[in-house]
Amino acid sequence: MSNYTGSEIFSSKTTVDKKDSRLILANMAWVAFALLIGGTAGLLQTLVRSGQFELPFGIGYYQLLTLHGVILALVMTFFFIMGFQIAALSRTAGALNNTERRLGWVGFWVMTAGTLMSASMIALNEATVLYTFYAPLQAHAIHYIGLTFVIVGTWISVAGQLMRYFRWRKENKGQKTPLLSYMTAINNVMWIVCTIGVASAVLFQFIPWSLGWVETINITLSRTLFWYFGHPLVYFWLLPAYMVWYAIIPKVLGTKGFSDNLARLSFVLFLFFSIPVGIHHQLVDPGIDAFWKGLQVVLTFMVIVPSLMTAFSMFAVFETYGRKQGATGLLDWFKKLPWTDARFALVFIGMLFFIPGGLGGIINASGQMNQLIHNTIWVVGHFHITVGAPVILTYFAAMLFLLPHITGRKIDKIANRLGLFLAYTWALGMGIMSLAMHWAGLRGAPRRSTFSEYGGAEIAGEWITYQVMQAVGGSFLFIAIIIAILMFLKLITGPKQTEPEEFPVAMFMDQDAPPVKWVENWRLLIIITIFLILIAYTVPITQMFTENIPGAKGFRLW
Ligand code: HAS
């Protein structure tokens with residue numbers, strides 16, 4: 001039995017198990033491959049969208065945009081999250097047993113099969129429906145089945161991860177679970193609850209409709225089920241980044257995390273408030289009563305709280321570190337931060353992006369202001385400085401220590417320098433591109449449309465400027481992606497060493513505080529989560545069946 005009392009295991013075991021490492025590496029290989037394909041599609045769609053370039057074989061804007069969205073937002077992130085969470089568990093709770101690891105592998109292969117099915121349909125132009133696959137856009141049934149495989153694959157992998165977490169609890173009764181393991185459990189439970197929405201839409205609506213078994217589809221219901229999943233999806237991406245911020249970055253700095261208890265509370269709040277807020281993506285949709293939209297707006301403001309708690313904790317960590325380095329003034333601790341360590345620089349730049357990213361989210365969620373930005377390219381700017389900067393830059397930072405850790409290599413000077421170049425090139429590209437997107441969005445430029453379709457004559461001159469800025473930003477991002485791939489290659493081929501590179505896991509200032517029991521009372525957590533979902537969704541979904549409101553087809557799924 002371990003004598004663990006907080007975030008770090010006080011035993012000699014501080015590495016990821018060798019057999020688990022192979023599984024993690026397989027997931028991370030997909031991340032690199034998906035980044036390359038999705039990034040290339042991203043660059044090409046910017047160029048095609050500008051109207052100045054044409055591609056062979058009639059490859060069009062929407063096809064490229066679908067590939068870009070599906071491969072980066074769904075495939076790359078899911079493989080990273082599975083790989084990273086397995087690593088976090090293996091490092092802090094201990095090696096997976098054979099059954100748990102086998103589930104990880106089965107999940108991996110099911111996700112792989114699903115990805116290949118969907119990607120081939122997109123390549124054949126049979127699934128040009130964008131990553132949100134809104135009806136009445138219709139794809140080939142294989143695309144929907146492929147996406148189902150991807151989700152089911154994550155469930156299988158998650159089952160193995162949850163088994164590892166609960167086995168630790170059983171073996172260490174009454175003790176506080178390792179923080180990183182606990183965080184993976186919260187993210188996984190949230191994932192299982194939210195994916196039920198998209199799975200229902202795909203199985204009961206999209207697949208029968210795309211196979212021609214039914215002729216119509218209830219659009220309002222399908223969009224609602226999608227966003228029931230779609231908003232927690234963004235936190236499914238974000239929480240692994242927060243795991244790094246809370247539990248890893250303080251150790252990278254050589255200091256302690258602010259509070260283990262606060263970190264757990266913020267994750268619990270994400271579990272409660274991530275799901276009953278999806279309708280804030282549908283504030284202008286017909287078929288949903290204004291009261292329920294308003295209620296979900298209020299709940300959305302609740303889900304901002306754990307991010308503010310995170311910002312507070314990170315400021316506390318950075319300031320404490322700076323003061324330990326001798327800073328005495330109000331802000332000079334900032335200069336003391338380890339700017340030459342790529343693991344830190346990547347994450348910190350990501351955090352800076354999240355300040356306007358979060359503010360933009362608050363604007364989006366504010367009922368009336370949503371009318372101004374909805375369906376404009378502002379929203380695209382918003383998600384590029386949330387998932388496309390803080391989240392992805394933190395994933396890169398995690399790769400920087402994780403890849404050499406699991407392959408027994410070193411982060412040498414070149415790899416670190418590549419990491420720094422990556423951070424600054426990404427920041428430059430994303431800064432220019434997202435600024436143009438926010439700006440154009442405020443001027444009314446719609447998202448997901450080409451110049452010729454839009455024909456926004458009154459901002460035509462400005463439109464060209466925005467387009468050029470987006471293309472320039474996109475090109476820098478593409479260069480950054482090449483740097484990221486070079487960094488991954490360097491990390492898995494660098495010099496071998498007997499002591500693997502550290503997988504840093506921090507201690508906390510309240511390390512010795514006794515465990516707070518209710519945050520691990522899963523029955524209670526799940527009851528509260530379901531209760532909030534029922535409050536937010538029961539009436540609006542019932543109305544989609546019972547009332548003849550525009551957009552809904554009374555009593556019907558189809
Ligand atoms: Fe969002 C649309 C509201 C966060 C992703 N969002 C999207 C879409 C995506 C997305 C992909 O209410 C488009 C979907 C589509 O295709 O249609 N979003 C929010 C709100 C938040 C939020 C309230 N979004 C995210 C995150 C995402 C993400 C995170 C990805 C990972 N979003 C919306 C709404 C829409 C929307 C509407 C629909 C718009 C429409 O009409 O279509 C909040 O969670 C944000 C809270 C965050 C903060 C920031 C805290 C800051 C931190 C950094 C601290 C920095 C430090 C360093 C410590 C309050 C933690 C500083 C050091 C110094 C020295 C300065």
Side-chain angles (χ1 to χ4, degrees), residues 65-66 68-70 72-74 77 81 130-134 223 226-227 229-242 245-246 249 258 266 269-270 273-274 277-285 293 296-319 321-322 330-337 344 347-395 437 441 446-448:
L65 192 57
T66 306
H68 175 62
V70 170
L72 289 183
L74 306 180
T77 53
I81 296 165
L130 308 178
Y131 88 107
T132 40
F133 55 89
Y134 283 157
R223 287 167 70 97
F226 181 86
W227 286 116
F229 145 86
H231 198 72
L233 166 70
V234 315
Y235 297 115
F236 185 62
W237 298 329
L238 182 70
L239 293 195
Y242 276 9
W245 297 10
Y246 275 115
I249 284 298
F258 175 65
S266 85
L269 294 178
F270 275 116
F273 294 108
S274 293
V277 297
I279 286 179
H280 72 220
H281 291 263
Q282 300 173 270
L283 293 177
V284 299
D285 276 22
K293 289 181 178 172
Q296 294 216 11
V297 162
V298 172
L299 290 172
T300 304
F301 276 78
M302 296 299 294
V303 83
I304 294 165
V305 174
S307 281
L308 294 175
M309 288 162 66
T310 308
F312 175 84
S313 300
M314 298 320 296
F315 272 115
V317 168
F318 295 147
E319 187 181 347
Y321 170 80
L330 184 64
L331 289 173
D332 59 340
W333 50 267
F334 184 79
K335 284 189 281 182
K336 307 276 180 191
L337 295 169
F344 166 77
V347 168
F348 192 87
I349 289 176
M351 289 175 179
L352 290 182
F353 269 103
F354 202 33
I355 296 173
L359 282 173
I362 295 171
I363 290 171
N364 299 348
S366 307
Q368 294 89 334
M369 275 196 269
N370 183 270
Q371 315 285 313
L372 179 70
I373 55 79
H374 183 71
N375 266 344
T376 71
I377 201 164
W378 161 285
V379 176
V380 185
H382 163 68
F383 67 67
H384 278 91
I385 55 170
T386 47
V387 65
V391 169
I392 190 75
L393 287 173
T394 306
Y395 288 6
M437 287 171 165
R447 67 187 286 197
R448 297 168 157 173

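Positions are given from 1, in the same order as the sequence printed here. Counting starts at 1 for both ligands and their atoms, in listed order.
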### Task
Could you check T386 against V234 for side chain to side chain contact (heavy atoms under 4.5 Å, CB included), going step by step and ending with a plain yes or no?
CA-CA 9 Å; T386 47; V234 315; over 6 Å; no
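- Listed by number with element, the atoms of ligand 1 under 4.0 angstrom from any heavy atom of V391 are 31 (C).
- At the top of the distance list for atom 23 (C) of ligand 1, counting protein heavy atoms only, stands G361 O, 3.3 Å.
- Between H281, R447, Q296, it is R447 that holds the heavy atom closest to atom 15 (C) of ligand 1.
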### Task
Give the C-alpha distance, both sets of side-chain angles, the deciding distance and a yes or no for side chain to side chain contact (heavy atoms under 4.5 Å, CB included) between H280 and N364.
CA-CA 8 Å; H280 72 220; N364 299 348; over 6 Å; no
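- At the top of the distance list for atom 54 (C) of ligand 1, counting protein heavy atoms only, stands A311 CB, 3.7 Å.
- The protein heavy-atom contact nearest to atom 65 (C) of ligand 1 is L352 CD2, 3.8 Å.
- Under a 4.0 Å heavy-atom criterion, Y131 is in contact with ligand 1.
- Nearest non-hydrogen protein atom to atom 28 (C) of ligand 1 is T386 OG1, 3.4 Å.
- Of all the listed residues (G278, G230, S307), S307 holds the heavy atom that lies closest to atom 50 (C) of ligand 1.
- Close to ligand 1: W227, with a non-hydrogen atom less than 4.0 angstrom away.
- The heavy atom nearest to atom 62 (C) of ligand 1, considering only F318, F348, W333, is found in F348.
- Summarising the contacts of atom 4 (C) of ligand 1 with Y235, Y134, F383, W245, the nearest heavy atom is found in Y235.
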### Query
Does the side chain to side chain contact (heavy atoms under 4.5 Å, CB included) test come out yes or no for T66 and Y131, once each step is laid out?
CA-CA 6 Å; T66 306; Y131 88 107; over 6 Å; no
### Query
Given Y246 and S266, is the side-chain hydrogen bond (donor to acceptor under 3.5 Å, both in side chains) satisfied, shown in steps?
CA-CA 11 Å; Y246 275 115; S266 85; 3.2 Å; yes
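- Here OG1 of T77 is found 6.5 Å from CG of L233. Values are rounded to the nearest 0.5 Å.
- The contact set between ligand 1 and F334, taken as ligand atoms under 4.0 Å from a residue heavy atom, comprises 64 (C).
- Nearest to atom 61 (C) of ligand 1 among the protein's heavy atoms is F315 CZ, 3.6 Å.
- For F270 and F273, the distance between ring centers is not under 6.0 angstrom.
- For atom 34 (C) of ligand 1, the closest non-hydrogen atom on the protein side is N364 CB, 3.3 Å.
- Within 6.0 Å of the CD atom in Q371, the count of heavy atoms belonging to other residues, nucleotides or ligands exceeds 12.
- Of all the atoms in ligand 1, the ones that sit under 4.0 Å from a non-hydrogen atom of A365 are 12 (O), 37 (C).
- In this structure, F236 has its ring center no closer than 6.0 Å to that of F229.
- Each of F315, F312, F318, W245 was checked for a ring-ring contact (aromatic ring centres under 6.0 Å, His included) with F258, and the lone residue meeting it is F312.
- The protein atom (non-hydrogen) at minimum distance from atom 39 (C) of ligand 1 is N370 ND2, 3.8 Å.
- Near T300, meaning under 4.0 Å from any of its heavy atoms, are these atoms of ligand 1: 23 (C).
- Of the candidates E319, M351, H374, the one placing a heavy atom closest to atom 42 (O) of ligand 1 is H374.
- At the top of the distance list for atom 51 (C) of ligand 1, counting protein heavy atoms only, stands F354 CD2, 3.7 Å.
- Among S266, S366, G358, S313, the residue whose heavy atom sits closest to atom 45 (C) of ligand 1 is G358.
- At least one N, O or S atom of H382, from either the backbone or the side chain, sits less than 2.8 Å from atom 1 (Fe) of ligand 1.
- For ligand 1, the atoms sitting less than 4.0 Å from at least one non-hydrogen atom of L308 are 59 (C), numbered in the order shown with element in parentheses.
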### Task
List the steps, then state whether side-chain hydrogen bond (donor to acceptor under 3.5 Å, both in side chains) holds for T394 with Y242.
CA-CA 9 Å; T394 306; Y242 276 9; over 6 Å; no
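- Close approach of ligand 1 to M314 (heavy-atom distance below 4.0 Å) involves ligand atoms 58 (C).
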